[in-house]
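Notes to accompany the following structure.
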Amino acid sequence: MADIRVQSADFDVAAEVAAVQAGGDAGARETGPHDIGAIVTFTGVCRNDGGRLVALELEHYPGMAEEEIARVAAEAERRWPLKGLCVIHRYGLIRPGENIVLVVTASAHRQAAFEAASFLMDYLKTRAPFWKKEHLADGTSGGWVAPRQEDDEATTRWD
Amino acid sequence: MADIRVQSADFDVAAEVAAVQAGGDAGARETGPHDIGAIVTFTGVCRNDGGRLVALELEHYPGMAEEEIARVAAEAERRWPLKGLCVIHRYGLIRPGENIVLVVTASAHRQAAFEAASFLMDYLKTRAPFWKKEHLADGTSGGWVAPRQEDDEATTRWD
Amino acid sequence: MKIVYFAWVRERVGKTEEIVTPPDDVRTVAELAGWLKGRGEEYAHAFAEPDIVRAAIDRRHVKPDAPIAGAGEIAFFPPMTGG
Amino acid sequence: MKIVYFAWVRERVGKTEEIVTPPDDVRTVAELAGWLKGRGEEYAHAFAEPDIVRAAIDRRHVKPDAPIAGAGEIAFFPPMTGG
């Protein structure tokens, strides 16, 4: 059911929400359409870090990126009664203000949608094979972004 | 900072996300624009309850609805470092598949955006003066929706 | 004193708002609800379970023991089901 | 045996992939990393802190003690920073 894409192109939040809603409705054989009551989206956006950053370069492991996101999505679907799920992760050069990642979750009630979206983001941060390199305002490379300890800790809370 | 609207008209999730992002950037005087790293949206949608329901009629307390949402929004801004916040709650006749409520939160990091959106929805459910009346498929009125005990419990977790 | 009603409280009372003049010994929201309850069958129905009916004074939620002195507008309504 | 590298591991090694033939006593991911580390300065730099470099076999995360027998593609990379 999960719609997973790894792409360099930008995405359209509204179009993905509409697709999740249409897909959920189409899948609702027993109760008729319209059993989605809650849709949560998370959009990760490139910050400029106080003017220091002009771009992030996102490298990924083609093939494994899609497969690892699919594994995390399948785990989310096992844990919560989702009626729709979409994850889009971009790669390539991304400038401040531009989108990096989108997660859309849909469920009958809000708690499942919120928790699943939060879970997906925590796992994507620490398991999806993407790496960010900084391009700085002074023209140099700021090197590779180091993982945040908070991200590892955020993931362990779902164990 | 919070953008709060109570209206019968539908809303456009993408337009509200763009407005929150533009507003956050405009407000970022010290660090330059683009200090939003995470945007969470919650969309509440009318379900048809297994085909039983043809519409919900949302009654509200004009004036108090806006003021109470503003009080909840102000509390969210005290608790989390938000860079943008929008709440839109509809009233009137709403059919299955149509939007009821939208919350958009923006912050530098994802945890604040997720928690603030979840907090806002929990509080809106139990504090915002709106009441739902059911219109049933058989042409009768199903009466007024009773509050769910889970919703009261969800609110107390923020105490 | 202006009273407004919403949802099934409004339906049972049969009006959206009214001006009332309760006696001086009606000092709190709970006492006002109790006094309204004695005004007829429709009110008795609306306030049959006083613990369930919520109140706001001047568009802010209040508890049953809130004083009504100086209130501009008092609202009675069922538990909220928005969101 | 095909090895692929990503991010700063790739930059330090100076190549995106290569075919290597480790000796028979190299049985685990950790042993493979240790053997690669001895192949020159660039590898020594890439695997200087072996606990930091992560690995995947056939596009699945694995632990350092994972056996490499039968692996189609082994990847080495820094901790992930996606999302």
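Every chain is numbered from 1, with letters handed out A, B, ... down the list of sequences.
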Between A:Asp12, A:Thr41, A:Thr43, who has the most heavy-atom pairs with chain B when the cutoff is under 4.5 Å? A:Thr41

Sidechain N-carboxylate O distance under 4.0 Å for B:Arg5, B:Asp3: yes

Basic-acidic side-chain contact under 4.0 Å: A:Glu75, A:Arg79: yes

Once the angle between the rings of B:Tyr91 and B:His60 is folded into 0 to 90°, is it parallel (under 30°), tilted (30 to 60°) or perpendicular (over 60°)? parallel

Test A:Glu98 against A:Asp10 for side-chain contact (heavy atoms from CB on, under 4.5 Å), laying out the working first. CA-CA 8 Å; A:Glu98 293 181 353; A:Asp10 196 10; over 6 Å; no

Hey, what do you get for OG (A:Ser8) to CZ (A:Arg90), rounding to the nearest 0.5 Å? 7.0 Å

Sorted by chain and number, sequence neighbours left out, side-chain contact (heavy atoms from CB on, under 4.5 Å) with A:Glu150 holds for A:Arg148

Comparing B:Pro96, B:Ala15, B:Ala14 against chain A, the one with the most heavy-atom pairs below 4.5 Å turns out to be B:Pro96

Output the option from B:Arg110, B:Gln111, B:Arg52, B:His109 having the highest count of non-hydrogen pairs under 4.5 Å with chain A. B:Arg110

Close contacts, residues 118-133 of chain B versus chain A, judged by heavy atoms under 4.5 Å: B:Ser118, B:Met121, B:Asp122, B:Lys125

Which pair of heavy atoms, one from B:Ala108 and one from A:Arg47, lies closest together, and at what distance? O-NE, 3.5 Å

Near-ring test B:Phe42/A:Phe114, centroid separation under 6.0 angstrom: yes

For B:Ala154, which atoms come within 4.5 Å of any heavy atom of chain A: side chain, backbone, both, or neither? side chain

Check each atom of B:Val17 against the heavy atoms of chain A and say whether the ones under 4.5 Å are side chain, backbone, both or neither. neither

